[in-house]
Amino acid sequence: MANRGLMAENMFLGQSQLLQWLNSTLSLRLEKIEETCSGAVACQLMDCLFPGSVNMKRVDFNVRNDWEYVNNYKELQRAFTKMKVDKAFNVNQLSKGKRQDSIEFMQWFKGYWDSVTNGEDVASEYNAVERRQNCKTGDWKKYSTGTSSAPKGRIAAVTKKVAQSPAVVSSRGNAKSTIKAARVEKEIVHVVDPELESKVQSLMEEVTELRLKVDTAERERDFYFDKLRDIEILCQAPELADVPVLRIVEQVLYATDSEEAKKIMLEAETKLGAQLVPQEIMDQVLSPEAQAISPR
């Protein structure tokens, strides 16, 4: 396997070089590297390298919201697991579309691509546009070239010679040794207990699901924390020190638990003469002692 450390050549590639590689390989017309943040481009790179490793029908190139990107990264993680690609990625960071994060991920992908293909032009017979047409919402309406020079219905024949895992690919010195390694690996797979293999695959998928749930939870946590922090800063503004409502909001923010917050809300209702919280909700969460101060 080619070196993909900090000093590897691919880590010095700039945005223009990466875009040129992606556009020529996948028949795209990307203008910014941040446009790869949905995860769909990475999925198609894996599809080109290892046909069948990605379920392209589940990949969506036309998603617009970052919370929808999770499904694409879910398919990418499944492909990584299936092909034994030892690469962790942070869905939360990549989904934000920050330039540096996108560049670093595509730099890694270029190094991985070169190590697998070993200089072979596997994309020459890969019909990228046709493959995208099989995706969840069809071809990429915004950035696809809409044409492909490759013959329709053909997936790269060269990739068929690639071993079933990167571990085998990395050991090849030439085409003959690759084919031999692939045959050996295929024979080994047949010896594995099918039931055990099925359990392993099921556990891998479970790990993938949990990892994506964690990433989603972290993204939601950061989102709401930022909102609360903005409100806290607003409450602490000297110019608004005499605004009664903000003092109540500040007390709710610093409440140690839900019950204390509801008590503060009830006290605020008494002061402001308005019902701020529906009574049915208060009945569900408040203790009898707290309900005693509720205005009737």
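Here the structure is a predicted model, which means the values were calculated and not measured.
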Shortest non-hydrogen contact between Tyr73 and Cys37, atoms and distance
OH-O, 2.6 Å
Among Val54, Val91, Val63, side chain to side chain contact (heavy atoms under 4.5 Å, CB included) partner for Asn72:
Val63
With the side chain counted from C-beta on, respond yes when Tyr69 and Leu94 share a heavy-atom pair under 4.5 Å apart, and no when they do not.
no
Glu75 side chain vs Val59 backbone, donor-acceptor pair below 3.5 Å:
no
Is the shortest heavy-atom distance from the side chain of Leu49 to the side chain of Tyr112 under 4.5 Å?
yes
Inter-residue atom distance Gln236.CD - Leu253.CG, 0.5 Å rounding:
9.5 Å
So that I can tick it off, tell me whether Glu232 and Arg229 are bridged by a salt bridge, with the cut-off set at under 4.0 angstrom between side-chain N and carboxylate O.
yes
Counting only heavy atoms not in Lys87, do more than 12 fall under 6.0 Å of its NZ?
yes
Donor-acceptor contact below 3.5 Å, side chain Thr25 vs main chain Leu22
no
Of all the heavy-atom pairs spanning Asn23 and Leu30, show the shortest one and how long it is.
OD1-N, 2.8 Å
Are the side chains of Glu104 and Trp108 in contact, using a 4.5 Å heavy-atom criterion?
no
Within the side chain of Ser53, is there an N or O that forms a donor-acceptor pair under 3.5 Å with the backbone of Ala79?
no
Indicate yes or no for a side-chain donor-acceptor contact from Gln107 to the backbone of Leu13 under 3.5 Å, with no hydrogens or angles considered.
yes
For Leu18 and Met106 the tightest heavy-atom approach is CD2-O, 3.8 Å
Does a donor on one side chain and an acceptor on the other come within less than 3.5 Å for Tyr143 and Glu31?
no
In this structure, are over 12 heavy atoms from other groups packed under 6.0 Å from Asp226 atom CG?
yes
Apply side chain to side chain contact (heavy atoms under 4.5 Å, CB included) to residues Arg132 and Leu28 and explain how you reach the verdict.
CA-CA 11 Å; Arg132 283 197 297 274; Leu28 296 172; 3.5 Å; yes
Any sub-3.5 Å donor-acceptor pair from Asn65's side-chain atoms to Trp67's backbone N or O?
no
For the backbone of Lys199 and the side chain of Ser202, can you confirm whether one donor and one acceptor N or O come within less than 3.5 Å of each other?
no
So does Gly52 get a backbone contact from the side chain of Lys82, meaning a donor-acceptor N/O pair under 3.5 Å?
yes
Over 12 foreign heavy atoms within 6.0 Å of NZ, Lys57:
no
Carefully, step by step, assess Lys32 and Gln15 under the rule side chain to side chain contact (heavy atoms under 4.5 Å, CB included).
CA-CA 8 Å; Lys32 296 180 181 180; Gln15 176 178 244; 4.3 Å; yes
Could Arg247 and Glu250 be called an ion pair, given the rule that one side-chain N must be under 4.0 Å from one carboxylate O?
yes
Grab the two heavy atoms, one from Trp140 and one from Val41, that are nearest each other, plus how far apart they are.
CZ3-CG2, 3.6 Å
Here the gap from Glu130 atom CD to Met56 atom CE, rounded to the nearest 0.5 Å, amounts to 11.5 Å
If only atom types and distance count, is the side chain of Ser95 paired as donor or acceptor with the main-chain N or O of Asn92 below 3.5 Å?
no
Determine, step by step, whether Gln77 and Phe89 satisfy the side chain to side chain contact (heavy atoms under 4.5 Å, CB included) criterion, reporting the C-alpha distance in whole Å, the side-chain angles of both residues, the deciding distance to 0.1 Å, and the verdict.
CA-CA 9 Å; Gln77 183 62 62; Phe89 54 85; 3.5 Å; yes
Asp47 side, atom CG; Asn55 side, atom CG - distance, nearest 0.5 Å
9.5 Å
Same cluster for Leu228 and Phe223 if Ile/Leu/Val/Met/Phe/Trp/Tyr side chains link at under 4.5 Å?
no
With no hydrogens and no angle check, is any side-chain donor or acceptor of Arg29 less than 3.5 Å from a backbone partner on Ser144?
yes
Nearest 0.5 Å please: distance from the CD atom of Gln100 over to the CD atom of Glu34.
10.0 Å
Nearest atoms (heavy-atom pairs only) where Val252 meets Ala261:
CG1-CB, 4.3 Å
Contact summary for Asp60 and Asn62, nearest pair of heavy atoms:
OD1-N, 2.9 Å
Inspect the surroundings of CD in Gln20 and state if more than 12 heavy atoms from other residues, nucleotides or ligands are less than 6.0 Å away.
no
Does a donor on one side chain sit under 3.5 Å from an acceptor on the other, for Arg131 and Gln44?
no
So NZ of Lys136 and CD of Glu68: to nearest 0.5 Å the spacing works out to 8.0 Å
Gap between atom OG of Ser38 and atom CG of Asn71 - 0.5 Å precision
11.0 Å
Run Trp113 and Trp21 through side chain to side chain contact (heavy atoms under 4.5 Å, CB included) and show every step you take.
CA-CA 11 Å; Trp113 177 281; Trp21 167 60; 3.7 Å; yes
